[in-house]
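Report on the structure given below.
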Amino acid sequence: MRIHPVHLLLPAALLLSACQPDVAPGSATAPASPAPDATTPAASSDDDVVVSTNEPFWQATVEGDTVILRGVDTTERRLTGARASMTADGRRIDAADADGSVVLIVRRMRCEDDMSGARFPMTGLLTIDGRGPFRGCARPASMPIPTPPGELVDEDASTTLPNRFLGRWDADAEACKSGGSDMTLRVEPGALRFHESIATPTSVLALDDDAVRVAADYEGEGQTWTAERLLRLDGPDTLFVGDDAGEGVTRVRCVD
């Protein structure tokens with residue numbers, strides 16, 4: 001498994017979205033993560049997250065103050081009254097029921113699934129009834145399961161940005177009126193024109209009606225490079241450009 005720091009987050013589904021565990025399945029002696037110094041109630045749906053592991057296959061979904069645990073050939077468990085606490089690089093969620101406890105550690109470190117190669121914005125550690133921690137990948141619950149590299153077929157591939165993203169975007173309304181700032185971005189069907197660079201899309205993947213993932217070749221200031229960006233409309237006149245973990249810049253639509 002390759003994990004990269006973020007610079008700027010049923011068996012069939014689990015096969016797509018889990019990382020190799022570091023601890024052997026069923027190990028009762030694996031150390032549990034240290035208990036947090038203080039806890040607060042698990043937060044709103046904005047904090048909902050999914051942690052998945054491989055070998056053993058587990059999926060733990062946080063929905064408000066409930067942790068839903070699913071595994072292969074096991075009965076679904078719903079552990080209520082979950083408590084969340086902040087850690088140095090993410091957060092920890094604790095939940096318990098009559099059968100035991102579940103601990104999730106979610107870290108703001110990118111994760112690559114070691115079976116499918118799909119990339120996730122976060123890593124996760126899952127401890128179940130004292131067994132673990134099992135290492136896996138994590139994503140916001142609102143994020144679709146990432147697509148493994150090479151899985152797209154030709155009819156799904158596109159290099160054209162949807163019409164709803166097109167136009168001129170800038171830092172704020174004042175920047176729009178003044179003629180532009182260094183945050184100016186003009187989105188065209190086949191190009192992203194930044195202040196000092198231009199990106200030519202090589203792949204545009206629709207995640208939902210308001211979000212696309214754009215892989216592109218960049219050129220600017222005498223240099224060339226490739227990069228992948230998430231473009232998400234937060235309303236018709238607000239555009240977020242960044243990554244799946246939420247690191248990036250928000251711009252407003254300029255009326256030309």
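Hydrogens, waters and symmetry mates play no part in the numbers below; they use all other heavy atoms, side chains included.
With rounding to the nearest 0.5 angstrom, the CG atom of Leu205 is 8.5 Å from the CD atom of Glu228. We find the CG-CZ distance between Leu192 and Arg186 to be 12.5 Å, quoted to the nearest 0.5 Å. Distance check: Arg83 CZ to Asp65 CG gives 10.0 Å after rounding to the nearest 0.5 Å. In this structure, the separation between CG on Asp97 and OG1 on Thr66 is 11.5 Å, given to the nearest 0.5 Å. We find the CZ-OG1 distance between Arg92 and Thr87 to be 10.0 Å, quoted to the nearest 0.5 Å. The line from CG of Asp210 to OG1 of Thr238 is 11.5 Å long, rounded to the nearest 0.5 Å.
Under the 4.5 Å side-chain criterion, counting only non-hydrogen atoms from C-beta, Leu207 is in contact with Leu230. Inter-residue side-chain proximity for Asp237 and Val252 is flagged as unmet; no heavy-atom pair is nearer than 4.5 Å. At a threshold of 4.5 Å between non-hydrogen side-chain atoms, the residues Arg70 and Thr61 count as touching. Counting heavy atoms from C-beta on, the side chains of Leu231 and Leu239 come closer than 4.5 Å. Contact of the Arg77 side chain with the Ile128 side chain is registered, since non-hydrogen atoms from C-beta on lie closer than 4.5 Å. Looking at heavy atoms from C-beta onward, Ser142 lies out of side-chain contact with Asp48 at the 4.5 angstrom threshold. By the 4.5 Å heavy-atom criterion applied to side chains, Leu125 and Arg107 are counted as neighbours. Between Pro162 and Val212 the shortest side-chain heavy-atom distance falls below 4.5 Å.
Qualifying salt bridge (Lys or Arg N to Asp or Glu O under 4.0 Å) partners for Asp217, counting only residues two or more places apart in sequence or in other chains: none.
The closest donor-acceptor contact from the side chain of Ser158 to the backbone of Val204 lies at 3.5 Å or more, if one exists at all. Side-chain atoms of Arg108 never come within 3.5 Å of backbone atoms of Arg91 as a donor-acceptor pair (strictly under, hydrogens ignored). No donor-acceptor pair under 3.5 Å is formed between the side chain of Ser178 and the backbone N or O of Ser181.
Ile198 belongs to no hydrophobic cluster, as no Ile, Leu, Val, Met, Phe, Trp or Tyr side chain comes under 4.5 Å of its own. Applying the under-4.5 Å side-chain rule to Ile, Leu, Val, Met, Phe, Trp and Tyr, the cluster around Val249 extends to Met183.
Here the closest heavy-atom approach between residue Arg139 and residue Val49 is recorded as O-CG2, 3.1 Å. For Leu126 against Ala60, the heavy-atom pair with the smallest separation is CD1-CB, 3.9 Å. Annotation for Phe57 and Met115: closest pair CE2-SD, 4.0 Å, computed over non-hydrogen atoms. In terms of heavy atoms, Leu161 sits closest to Pro201 at CD1-CG, 4.3 Å. Minimum interatomic distance between Leu166 and Pro189 (heavy atoms only, all atoms of both residues): CD2-N, 3.6 Å. Closest approach of Phe120 to Ala138, counting heavy atoms only: CB-O, 3.5 Å.
A salt bridge (charged side-chain N to carboxylate O under 4.0 Å, His left out) check over residues 159-179, counting only residues at least two apart or in different chains, returns the pairs Arg168-Asp256. Screening residues 215-256 for ring pair (Phe, Tyr, Trp, His ring centres under 6.0 Å) gives Tyr218-Trp225 as the qualifying pairs, with residues at least two apart or on separate chains. Counting only residues at least two apart or in different chains, salt bridge (charged side-chain N to carboxylate O under 4.0 Å, His left out) contacts with residues 188-204 comprise Glu188-Arg193.
Ion pairing of Arg119 with Glu112 is absent here, as no side-chain N (NZ or NE/NH1/NH2) approaches a carboxylate O to less than 4.0 Å.
The cluster map of Ile, Leu, Val, Met, Phe, Trp and Tyr, joined by side-chain heavy atoms under 4.5 Å apart, puts Trp58 and Ile68 in different clusters.
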